[in-house]
Chemist: 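Sending over a structure as structure tokens; questions will come in a sec.
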Amino acid sequence: MENKSLKQIIDNRLEKLKKIRELGVEPYAYDFNQTHHSSQITEDLIDSKVNLAGRIMSLRKMGKASFANIQDQKGRIQFYIARDDVGEENYNLFKLIDIGDYVGIEGVVFKTKTDALTIKVSSLTILSKSIKPIPDVKEKDGEKYNLVSDKEFRYRKRYLDLIINPETKDNYIKRFKIINTIRSFLNNHGYLEVETPVLQPIYGGANAKPFTTHHNALDQDFYLRIATELYLKQLIVGGFEKVYELSKDFRNEGIDRSHNPEFTMLEFYQAYSDYNFMMDFVEEMFKKVVEDLGLKQISWDGNTINFEEKFSRKTMDELIKEHTGYKIDISNHSDVLKVCNELELEVSKKDSLATLIDEIMRRKVEPNLIQPTYVINHPVEISPLAKVNRNGDINFTERFELFIAGMEFANGFSELNDPIDQRKRFEDQSNKKDDGDEEAFPIDENFLEAIETGMPPTAGVGIGIDRLVMLLIDTRWIRDAIIFPTLKSLK
RNA sequence: GCCUCAGUAGCUCAAUGGUAGAGCAGUGGCCUCUUAAGCCAUUGGUUGUAGGUUCGAGUCCUUCCUGGGGUACCA
């Protein structure tokens with residue numbers, strides 16, 4: 001509960017609220033005519049009349065005249081208010097203003113003796129009285145004081161983080177711009193944005209533990225989707241040729257620096273194309289996003305990443321050779337096992353070939369893929385929805401994963417459209433599940449029937465949007481990229 | 001899930017096991033060019049929670065809660 005100190009502050013503000021009403025003023029206004037934002041106030045506007053609105057961030061009261069700063073979406077601006085300019089009544093209202101209140105000001109732009117662009121107020125309107133105080137951050141010479149250091153505070157009360165920390169706001173503005181850029185890119189290429197069920201009777205399309213829920217009227221359990229893949233492909237079967245869905249997926253797994261239980265995923269599918277086409281397309285999309293942010297290269301966690309060069313494409317055996325020095329036949333289990341042991345990886349000889357390869361990739365290769373790199377042609381066992389290689393090498397698939405700065409950003413493939421093969425792959429997954437693999441997914445008969453009806457050759461891609469945002473705002477923490485991250489409730 | 005660190009006023013931080021303190025914010029006063037405004041005065045604490053050790057616990061031990069950092073699963 002609130003303790004005395006906070007209660008005292010709130011009581012004082014409630015008292016002021018009462019006094020404002022006694023002056024015949026409604027402290028929660030209905031509208032305000034904003035003619036300018038703080039960032040638009042320049043020397044060119046000196047002597048011009050302007051109306052601005054925003055939140056009071058600092059106050060310097062000096063008896064019969066005062067300075068204060070307001071913050072709007074674009075930044076901050078100082079205003080000057082003097083009793084002789086606004087009149088006794090309006091100045092008395094101003095005296096009841098606190099840090100955190102929203103106000104509207106009408107006035108004229110001028111420069112103070114210290115050359116600060118300032119609004120000389122002719123009339124002040126209170127727009128919203130703040131009852132609960134915001135942390136008062138002080139700033140001098142770019143140095144900030146009393147900044148809230150508690151990360152938990154910033155995550156639980158993101159609105160305060162946004163008020164206090166301009167760079168937090170900048171990061172989320174970037175996030176939402178990135179998402180808009182991606183939408184425009186896909187729309188401009190003839191894609192249709194679609195919606196598919198969040199509540200799914202059978203989960204699939206990825207290897208992950210799902211959230212489970214229950215529909216009362218149907219008396220049936222549903223899963224929150226872990227991926228949109230199986231529904232989007234049914235739309236391809238239905239005759240849509242280019243579709244995408246940009247939305248939340250849910251995975252009931254651990255929370256850490258780079259994982260949140262709900263996260264934003266983009267999946268898109270294009271009929272009559274293959275993974276080679278999609279690698280070009282994804283590359284173009286990434287370059288467009290980076291360009292729209294006004295960048296040619298980006299720095300992330302101390303690395304400089306260049307988006308001007310063509311993304312390289314390498315198979316797993318090429319990459320393993322490059323990063324470990326071992327030239328191995330990745331279809332030979334005992335060779336791969338031997339290399340795993342020599343690299344001191346924690347594996348057992350019972351592990352499948354695909355697991356062993358994956359282990360080498362994850363430990364020794366992927367963290368070193370700093371510049372944009374497509375890893376291509378994954379083992380069929382870990383790619384149950386991808387077509388096998390057209391060159392006849394049926395143990396490997398036409399699949400790619402895009403790595404940048406050691407993180408995976410995209411996963412795509414030539415979609416498996418052979419219904420007989422697809423059923424067999426599902427049965428293998430289902431057997432793994434029966435053997436206790438919690439993340440293998442169950443057989444989805446609806447999906448198989450759709451494929452049996454006939455799906456055109458198609459390529460599809462999934463892109464983790466939160467990761468992309470992390471890359472572009474240069475953070476290692478997904479909580480800096482997700483505006484309301486999942487937290488445990490306080491008891 | 002495991003390991004580890006942390007939690008003191010609205011915010012930032014102090015306090016050898018020995019009376020819980022400061023700055024900012026708040027409140028009252030003075031102040032018509034201030035900008036971490038200034039000057040004077042002043043309010044505000046069950047030290048995350050529940051126990052224990054001790055003459056005495058913010059400090060040592062244990063439980064629980066929440067979070068941070070690792071790590072596992074994973075995107």
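To find a chain, count down the sequence lines: A is the first, B the second, and so on, and within it residues start at 1.
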Chemist: What is the distance, to the nearest angstrom, from the CZ atom on A/Phe400 to the P atom on B/A75?
Modeler: 15 Å

Chemist: So which one's nearest nucleotide on RNA chain B is more toward 5', A/Ser258 or A/Leu490?
Modeler: A/Leu490

Chemist: Indicate the atoms forming the closest heavy-atom contact of A/Leu343 with A/Lys364, along with that distance.
Modeler: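 Taking A/Leu343 first and A/Lys364 second, the nearest heavy atoms are O-CE, 3.9 Å.
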
Chemist: If B/A37 has a Watson-Crick or G-U wobble mate with both distances under 3.5 Å, name it; if not, just say none.
Modeler: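 With both distances under 3.5 Å required, B/A37 matches none.
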
Chemist: Take A/Asn12 and A/Trp477, find for each the nucleotide of RNA chain B with the closest heavy atom, and name the residue whose nucleotide sits nearer the 5' end.
Modeler: A/Asn12

Chemist: Quick one: A/Ile119 CD1 to B/U34 P, roughly how many Å, whole number?
Modeler: 19 Å

Chemist: Is A/Lys138 near enough to B/C24 that one of its side-chain N or O atoms lies under 4.0 angstrom from OP1 or OP2?
Modeler: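 No, A/Lys138 has no side-chain N/O under 4.0 Å of OP1/OP2 on B/C24.
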
Chemist: Any side-chain N or O of A/Arg257 below 4.0 angstrom from OP1/OP2 of B/G67?
Modeler: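 Answer is no, no contact under 4.0 Å.
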
Chemist: With respect to the phosphate group of B/A72, does any side-chain polar atom (N or O) of A/Arg363 fall under 4.0 Å of OP1 or OP2?
Modeler: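 Answer yes for this pair, as a side-chain N or O of A/Arg363 is under 4.0 Å from OP1 or OP2.
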
Chemist: Determine the Euclidean distance between corresponding P atoms of B/U47 and B/U19; express it in Å to zero decimal places.
Modeler: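 To the nearest whole Å, 15 Å.
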
Chemist: What is the nucleic acid contact for A/Gly254, judged by heavy atoms within less than 4.0 Å: base, sugar-phosphate only, or nothing?
Modeler: base

Chemist: Quantified in whole Å, what is the P atom distance between nucleotide B/G26 and nucleotide B/U66?
Modeler: 34 Å

Chemist: Quickly work out the A/Tyr145 OH to B/A25 P distance and round it to whole Å.
Modeler: 14 Å

Chemist: Among the candidates B/G44, B/C11, B/A75, find the nucleotide nearest to the side-chain atoms of A/Arg467.
Modeler: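 For the A/Arg467 side chain, the nearest candidate turns out to be B/A75.
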
Chemist: Taking only the C1' atom of each, what is the distance from B/A36 to B/C24 in whole angstrom?
Modeler: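 Straight-line distance between the two C1' atoms is 9 Å.
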
Chemist: Atom CZ of A/Arg154 to atom C1' of B/C11: distance rounded to whole Å?
Modeler: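 Whole-Å distance recorded here is 14 Å.
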
Chemist: OP1 or OP2 of B/G10 sitting under 4.0 Å from any side-chain N/O of A/Ser5?
Modeler: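 So the side-chain polar atoms of A/Ser5 do come within 4.0 Å of the phosphate oxygens OP1 or OP2 of B/G10, strictly under.
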
Chemist: Going by modelled atom types, is there a donor-acceptor pair between the base of B/C73 and the side chain of A/Asp256 at under 3.5 Å?
Modeler: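 Present.
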
Chemist: What does B/G7 pair with, Watson-Crick or G-U, if both distances are under 3.5 Å?
Modeler: B/C65

Chemist: If the C1' atom of B/G52 is compared with that of B/G17, how far apart are they to the nearest Å?
Modeler: 15 Å

Chemist: At 4.0 Å (heavy atoms only), tell me whether A/Asp11 reaches a base, stays on the sugar-phosphate, or touches nothing.
Modeler: nothing

Chemist: May I ask you to evaluate whether A/Lys16 reaches the phosphate of B/U27, defined as a side-chain N or O under 4.0 Å from OP1 or OP2?
Modeler: yes

Chemist: Could you tell me if A/Lys61 sits above the aromatic ring of A/Phe94, with its cationic atom closer than 6.0 Å to the ring centre and no more than 45 degrees from the axis?
Modeler: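 So A/Lys61 does make the cation-pi contact.
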
Chemist: Using whole Å, report how far CG of A/Leu6 lies from P of B/U43.
Modeler: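 Atom-to-atom, A/Leu6 to B/U43, this comes out as 19 Å.
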
Chemist: Of all the nucleotides listed (B/U35, B/G67, B/C11), which has the minimum atom distance to the side chain of A/Phe153?
Modeler: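 The answer is B/C11, which lies nearest to the side chain.
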
Chemist: Verify the contact: side-chain N or O of A/Lys61 to OP1 or OP2 of B/G38, cut-off strictly under 4.0 Å; return yes or no.
Modeler: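 Looking at the OP1 and OP2 atoms of B/G38, neither is under 4.0 Å from any side-chain N or O of A/Lys61.
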
Chemist: Expressed as a whole number of angstroms, how long is the span from A/Ile134:CD1 to B/C11:C1'?
Modeler: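 Checked: the CD1 to C1' distance equals 11 Å.
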
Chemist: With sugar-phosphate meaning primed atoms plus P, OP1 and OP2, does A/Glu408 contact a base, only sugar-phosphate, or nothing at under 4.0 Å between heavy atoms?
Modeler: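 Result for A/Glu408 = sugar-phosphate.
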
Chemist: Measure from the ring centre of A/Phe263 to the centre of the six-membered ring in the base of B/A75, then say whether that distance is under 5.5 Å and the planes meet at under 30°.
Modeler: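 Per 5.5 Å and 30° rule: yes, stacked.
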
Chemist: With rounding to the closest Å, how many angstrom separate the P atoms on B/U43 and B/A22?
Modeler: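 So the two P atoms sit 10 Å from each other.
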
Chemist: Heavy atoms only: give me the nearest A/Pro367-A/Met361 pair and the separation to one decimal.
Modeler: CD-O, 4.0 Å

Chemist: Using a 4.0 Å heavy-atom cut-off, does A/Lys113 contact any base of the nucleic acid, only the sugar-phosphate backbone, or nothing at all?
Modeler: base

Chemist: Check the angle between the aromatic planes of A/Tyr374 and A/Phe311 and answer parallel, tilted or perpendicular using the 30° and 60° thresholds.
Modeler: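 Taking A/Phe311 first and then A/Tyr374, their aromatic rings sit tilted (interplane angle of 30° to 60°).
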
Chemist: Hey, does A/Tyr80 reach any base, or is it just sugar-phosphate, or nothing, if we go heavy atoms under 4.0 Å?
Modeler: base

Chemist: Please state whether the phosphate of B/G67, meaning OP1 or OP2, lies under 4.0 angstrom from any side-chain nitrogen or oxygen of A/Arg156.
Modeler: yes

Chemist: Tell me what A/Phe250 touches on the nucleic acid: a base, only sugar-phosphate, or nothing, going by heavy atoms under 4.0 Å.
Modeler: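 Answer is nothing: A/Phe250 stays at 4.0 Å or more from every strand.
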
Chemist: Counting side-chain heavy atoms from C-beta on, which of B/A36, B/C73, B/U66 comes nearest to A/Lys140?
Modeler: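 The answer is B/A36.
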
Chemist: Nearest to the side chain of A/Glu253, heavy atoms from C-beta on, is which of B/A75, B/U34, B/A25?
Modeler: B/A75

Chemist: Compare side-chain N and O positions of A/Arg362 against OP1 and OP2 of B/C73 and report whether any pair is under 4.0 Å apart.
Modeler: yes

Chemist: Please pick, from B/A36, B/C33, B/C24, the nucleotide with the shortest atom-to-atom distance to any side-chain atom of A/Asn146.
Modeler: B/C24

Chemist: Do the ring planes of A/Tyr191 and A/Phe281 sit parallel (below 30°), tilted (30 to 60°) or perpendicular (above 60°)?
Modeler: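 Ring orientation, 0 to 90° scale: parallel.
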
Chemist: CG of A/Leu147 versus P of B/G10: gap in Å, rounded?
Modeler: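 The distance from CG of A/Leu147 to P of B/G10 comes to 19 Å, rounded to the nearest Å.
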
Chemist: Report which part of the nucleic acid A/Arg476 touches: base, sugar-phosphate, or nothing (heavy-atom distance under 4.0 Å, all strands).
Modeler: sugar-phosphate

Chemist: Counting only distance, no hydrogens or angles, is the base of B/U35 paired donor-acceptor with the side chain of A/Glu139 under 3.5 Å?
Modeler: no

Chemist: A/Gln8 side chain: which of B/A25, B/G44, B/U35 is closest?
Modeler: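 Closest nucleotide among those given: B/G44.
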
Chemist: Using a strict threshold of under 4.0 Å (side-chain N to carboxylate O), is an ion pair present between A/Glu152 and A/Arg156?
Modeler: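 Yes, A/Arg156 and A/Glu152 are salt-bridged.
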
Chemist: From B/A36, B/C33, B/A75, pick the nucleotide closest to the side chain of A/Met62?
Modeler: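 Among the listed nucleotides, the one closest to the side chain of A/Met62 is B/C33.
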
Chemist: When all nucleic acid strands are considered with a 4.0 Å heavy-atom cut-off, which category describes A/Lys64: base, sugar-phosphate, or nothing?
Modeler: base

Chemist: Rounding to the closest angstrom, what is the interatomic distance between B/A9 and B/G44 at atom P?
Modeler: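 Each nucleotide's P atom is 15 Å from the other's.
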
Chemist: Any idea which of B/G70, B/G44, B/U34 is nearest the A/Thr112 side chain?
Modeler: B/U34

Chemist: Determine the interatomic distance between C1' on B/U53 and the same-named atom on B/U62; round to the nearest Å.
Modeler: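 Taking atom C1' in both B/U53 and B/U62, they lie 11 Å apart.
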
Chemist: Let's see if you can work this out: which of B/U12, B/C33, B/G10 has an atom nearest to the side-chain heavy atoms of A/Ile9?
Modeler: B/G10

Chemist: Touch check for A/Ala116, heavy atoms < 4.0 angstrom, all strands: base, sugar-phosphate only, or nothing?
Modeler: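 A/Ala116: base contact, heavy atoms under 4.0 Å.
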
Chemist: Tell me which one of A/Lys233, A/Glu267, A/Gln200 satisfies side chain to side chain donor-acceptor pair (under 3.5 Å) with A/Thr228.
Modeler: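 In the set A/Lys233, A/Glu267, A/Gln200, the residue that makes a side chain to side chain donor-acceptor pair (under 3.5 Å) with A/Thr228 is A/Glu267.
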
Chemist: Check this one for me: any side-chain N or O of A/Arg60 less than 4.0 Å away from OP1 or OP2 of B/A37?
Modeler: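 Affirmative; the distance criterion is met.
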
Chemist: Is A/Ser489 touching bases, backbone alone, or none of the nucleic acid, heavy atoms closer than 4.0 Å?
Modeler: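 Sugar-phosphate contact only - A/Ser489 comes under 4.0 Å of backbone atoms but never of a base.
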
Chemist: Between B/U59 and B/U16, how many Å separate the two P atoms, rounded to a whole number?
Modeler: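 Here B/U59 and B/U16 have their P atoms 13 Å from each other.
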
Chemist: Between A/Tyr244 and A/Phe268, is the gap from one ring center to the other below 6.0 Å?
Modeler: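 Between A/Tyr244 and A/Phe268, the centre distance exceeds or equals 6.0 Å.
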
Chemist: What integer distance in Å separates A/Leu59:CG from B/G38:P?
Modeler: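 For the pair A/Leu59 CG and B/G38 P, the rounded distance is 13 Å.
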
Chemist: Check A/Trp300 against A/Thr475 and note the closest heavy-atom contact, atom names and distance.
Modeler: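 Looks like NE1-O, 3.0 Å.
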
Chemist: As a test of understanding, state which of A/Glu262, A/Arg158, A/Arg175 forms a side-chain contact (heavy atoms from CB on, under 4.5 Å) with A/Ile482.
Modeler: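 Testing each of A/Glu262, A/Arg158, A/Arg175 against A/Ile482, the sole residue satisfying side-chain contact (heavy atoms from CB on, under 4.5 Å) is A/Arg175.
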
